[in-house]
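One structure below.
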Amino acid sequence: MLDKRTPLPVDEAIARCMAHTQSAPIITVPLADSLNFYTAEDTIATYDIPMFNKSPYDGYAVRSADTAGASGDNRISFRMIDHIGAGAVSREALQQNEAVRIMTGAPIPQGADAVVMLEQTVETAEGFTLRKSFSPGENISVQGEECRQGELVLSAGTLITPGVQAVLATFSYSMVNVRKKPDVALISTGTELTSIDEPLLPGKIRNSNGPMIAGQLADLGIKPTIYQVTADDYEHLLAIMREALQSHDIIITTGGVSVGDYDYMPKIYNALKADILFNKVAMRPGSVTTVAALGSQLLFGLSGNPSACYTGFELFAKPVIKKMIGASQCYAPIIEVKLTEDFLKANPFTRFIRAELDLINRTVRPAGFNKSNAVIAIARSNSMIMLPGGTRGFKSGDRVKVIITRLTDVTTW
Ligand SMILES: Nc1nc2c(c(=O)[nH]1)N[C@H]1C(S)=C(S)[C@@H](COP(=O)(O)OP(=O)(O)OC[C@H]3O[C@@H](n4cnc5c(N)ncnc54)[C@H](O)[C@@H]3O)O[C@H]1N2
Ligand code: MOO
Ligand SMILES: [Mg+2]
């Protein structure tokens, strides 16, 4: 007798996963290793930026008052009393008609309140002449014009990008507080799976879910422990699950979660006394996706069908991991755009279609053959169209909701 599974709406299934998710502990990493972590604390300006009034140009620092009345017919002469580049400080204080030759980034000398670009001067034996007047503060980068000491620069939960690393370096954060990445075990199950360098015997297939999920994890900066399980053998699989549970926060399995004779994951969750958060979701594909908890450990039982497997990871595992690692925004953005192909199938459940989103023209179309067992459409997709359950007959021109899964290069085909 099969256990009856009650489908849970997708948003509730996601909420159950998230309610079971704790933030990972804070660790400190060198700035150079911090890329793709999330900041675990607010980044506060440790000083004003710029730290001092500085020259934005290569030129001469002058007293603006001395330039009053300058014109083409009345060039005013200045005497150069010092010469500094960025990194040096002039000890001179400017007196009348004196100037310091100054390079971009160097601190404005005492008494000066304007900078004349080199191109606006004509050199003389003593210094230079100029033909226009300058106002106080002209061509000066003012201390604190970008931000003030103590100001909140970036909130906790910011993805550390190269730009963020530049900010952290600016404010002398040589070590950065981030949240530890979870230890993840990845177990692809299935007697039919043949490793990539073995010959494909009748009935066998390649394991595409394993490399795909490993890649989805790598996008989050996580390198999973990979377990090879190429036999649907209950005892063996249970032993592997127990072993993986010793040292991992998350166990992701692919395959074996449905009701088939060799689908052992439901029996394994039982044997492990795991708390099943759900084992049926009102969605297609991926309706058999199962998520279970053992204390703080989470077990993601993703479907074996590649498109269902991919979708299950994006919808459930990804936001959970992002919450663990302290992301302030755990969910992929959703936008509404115009569909450019008919999609006339009925949608008894919420349907996710691997899709090609054209962000420039704000249009979307399915990325080719799109059944649960499809693999090519995943590669061609940068998004998933989300059609609500209980609908049918979406026509070209209709507006549909789209989850953006990738913002990087759009695959062409
Ligand atoms: N009687 C029913 N049969 C099925 C149901 C159902 O509700 N009642 N659900 C169907 C749906 S929907 C899905 S999705 C699949 C889910 O199957 P499992 O999660 O149990 O996965 P498997 O049976 O192990 O494999 C399914 C399919 O995927 C291929 N596969 C598995 N692993 C991989 C991999 N690593 N790389 C590539 N392809 C993989 C496998 O060969 C099968 O073709 O169940 C339906 N059946
Ligand atoms: O629920 Mo299945 O994952 O549609 O193919
Ligand atoms: Mg099965």
Side-chain angles (χ1 to χ4, degrees), residues 1-10 13 185-198 200-217 224 226-234 236-237 240-241 251-270 276 278-292 299-317 343 345-354 366 369-379 384-387 389:
M1 196 27 204
L2 286 177
D3 287 342
K4 176 123 180 56
R5 299 188 185 185
T6 315
L8 198 65
V10 184
L186 173 55
I187 310 174
S188 313
T189 74
T191 303
E192 70 277 33
L193 305 181
T194 309
S195 59
I196 205 146
D197 43 8
E198 299 280 317
L200 277 173
L201 299 174
K204 305 287 185 181
I205 60 164
R206 294 288 179 221
N207 173 9
S208 60
N209 291 341
M212 175 179 71
I213 300 293
Q216 284 167 291
L217 288 165
I226 293 174
Y227 290 85
Q228 292 296 345
V229 181
T230 49
D232 289 312
D233 176 280
Y234 169 70
H236 178 58
L237 195 51
I240 296 271
M241 288 291 286
I251 316 286
I252 300 179
T253 55
T254 70
V257 276
S258 185
V259 295
D261 295 343
Y262 308 100
D263 290 339
Y264 291 124
M265 292 313 301
K267 200 171 157 193
I268 285 171
Y269 296 130
N270 238 346
I276 306 285
F278 53 84
N279 60 10
K280 186 98 183 165
V281 189
M283 64 187 248
R284 276 281 146 77
S287 59
V288 290
T289 307
T290 301
V291 178
L299 289 65
F300 290 89
L302 303 179
S303 161
N305 271 324
S307 285
C309 185
Y310 174 83
T311 305
F313 183 92
E314 291 295 313
L315 294 181
F316 306 113
F343 191 90
K345 259 196 197 167
N347 309 300
F349 287 156
T350 308
R351 187 186 294 282
F352 295 91
I353 306 163
R354 270 60 48 216
F369 176 82
N370 225 295
K371 281 195 193 163
S372 179
N373 58 355
V375 64
I376 299 168
I378 305 169
M384 292 196 286
I385 300 169
M386 189 168 61
L387 302 180

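Atoms within each ligand, like the ligands themselves, are counted from 1 in listed order.
The protein non-hydrogen atom at the shortest distance from atom 45 (C) of ligand 1 is S258 OG, 4.1 Å. Here the protein heavy atom with the shortest distance to atom 2 (Mo) of ligand 2 is G286 N, 3.4 Å. For atom 25 (O) of ligand 1, the closest non-hydrogen atom on the protein side is G304 CA, 3.9 Å. In this structure, atom 34 (C) of ligand 1 lies nearest to the protein heavy atom N209 ND2, 3.1 Å. If you check which protein heavy atom lies closest to atom 38 (N) of ligand 1, you get I205 CD1, 3.4 Å. Atom 5 (O) of ligand 2 has its closest protein heavy atom at S372 OG, 2.2 Å. In terms of protein heavy atoms, atom 35 (N) of ligand 1 is closest to N207 OD1, 2.8 Å. With hydrogens left out, the protein atom closest to atom 7 (O) of ligand 1 is K280 NZ, 4.0 Å, a heavy atom. For atom 37 (C) of ligand 1, the closest heavy atom belonging to the protein is S208 OG, 3.3 Å. Shortest contact from atom 24 (O) of ligand 1 to any protein heavy atom: G256 N, 3.0 Å.
Near V288, meaning under 4.0 Å from one of its heavy atoms, ligand 1 places the atoms 16 (C). For ligand 1 and V259, the ligand atoms under 4.0 Å from any heavy atom of the residue are 1 (N), 2 (C), 8 (N). Taking every heavy atom of G255 and a limit of under 4.0 angstrom, the matching atoms of ligand 1 come to 19 (O), 21 (O), 24 (O). Contact atoms of ligand 2 toward V288: 1 (O) (distance under 4.0 Å to a heavy atom of the residue). The atoms of ligand 2 that sit less than 4.0 Å from any heavy atom of P285 are 1 (O), 3 (O), 4 (O), 5 (O). Under a 4.0 Å criterion applied to the non-hydrogen atoms of D263, ligand 1 contributes the atoms 20 (O), 23 (O). Atoms of ligand 2 lying under 4.0 Å from any heavy atom of N305, numbered from 1 in the order shown and given with element: 5 (O). Residue R284 approaches ligand 2 through these ligand atoms, each under 4.0 Å from one of its heavy atoms: 1 (O), 4 (O).
Applying the 6.0 Å contact sphere to CD1 of I376 captures no more than 12 heavy atoms from other residues, nucleotides or ligands. By the neighbour-count criterion of 12 heavy atoms within 6.0 Å, atom CG of L201 is densely surrounded, having more than that number from other residues, nucleotides or ligands. Surrounding OH of Y227 are more than 12 heavy atoms belonging to other residues, nucleotides or ligands, all under 6.0 Å away.
How far CE of M265 is from CG of L237: 5.5 Å, rounded to the nearest 0.5 Å. Note: T254 OG1 to I187 CD1 = 9.5 Å, rounded to the nearest 0.5 Å. For the atom pair CD1 of I252 and CG of N209, the computed distance is 11.5 Å after rounding to the nearest 0.5 Å. Within the model, atoms CD1 of I251 and CD1 of I268 stand 11.5 Å from one another, a figure rounded to the nearest 0.5 Å. Rounded to the nearest 0.5 angstrom, R351 CZ and K345 NZ are separated by 4.5 Å. Rounding to the nearest 0.5 Å places CG of N207 at 9.0 Å from CD of E192.
The closest approach between N373 and ligand 1 stays at or above 4.0 Å for every heavy atom of the residue.
Closest to atom 14 (S) of ligand 1 by heavy atom, among S303, S188, C309, is S303.
Listed for the R284 side chain is no donor-acceptor partner under 3.5 Å among the backbone atoms of A282. No side-chain donor-acceptor contact under 3.5 Å links N305 to the backbone of A308. Looking at S307, its side chain does come within 3.5 Å of a backbone N or O of A374 through a donor-acceptor pair. The main-chain N or O of S195 is found under 3.5 Å from a side-chain atom of R206 such that the two form a donor-acceptor pair.
When only interatomic distances are considered, the shortest N/O to N/O separation between A308 and ligand 2 does not fall below 3.5 Å. Between E192 and ligand 1, a contact under 3.5 Å exists for at least one N or O pair. Taking distance alone, with nitrogen or oxygen atoms compared against 3.5 Å, R284 stays at or beyond that limit from ligand 1.
In V375, neither the side chain nor the backbone holds a heavy atom less than 4.0 Å from any atom of ligand 1. If you look at N305 next to ligand 1, the close heavy atoms, those under 4.0 Å, come from the backbone and the side chain alike. Under 4.0 Å from ligand 1, heavy atoms of V257 appear from its side chain as well as its backbone. When heavy-atom distances to ligand 1 are checked against a 4.0 Å cut-off, R206 comes that close only through its backbone atoms N, CA, C and O.
Here the rule is side chain to side chain contact (heavy atoms under 4.5 Å, CB included) with I353, and of T311, N347, N370 only N370 fits it. Checking each of F278, F300, Y310 against F316 for a ring pair (Phe, Tyr, Trp, His ring centres under 6.0 Å) leaves exactly one that passes, namely F278.
Across T253 and G301, no two heavy atoms sit closer than the pair OG1-CA, 3.4 Å.
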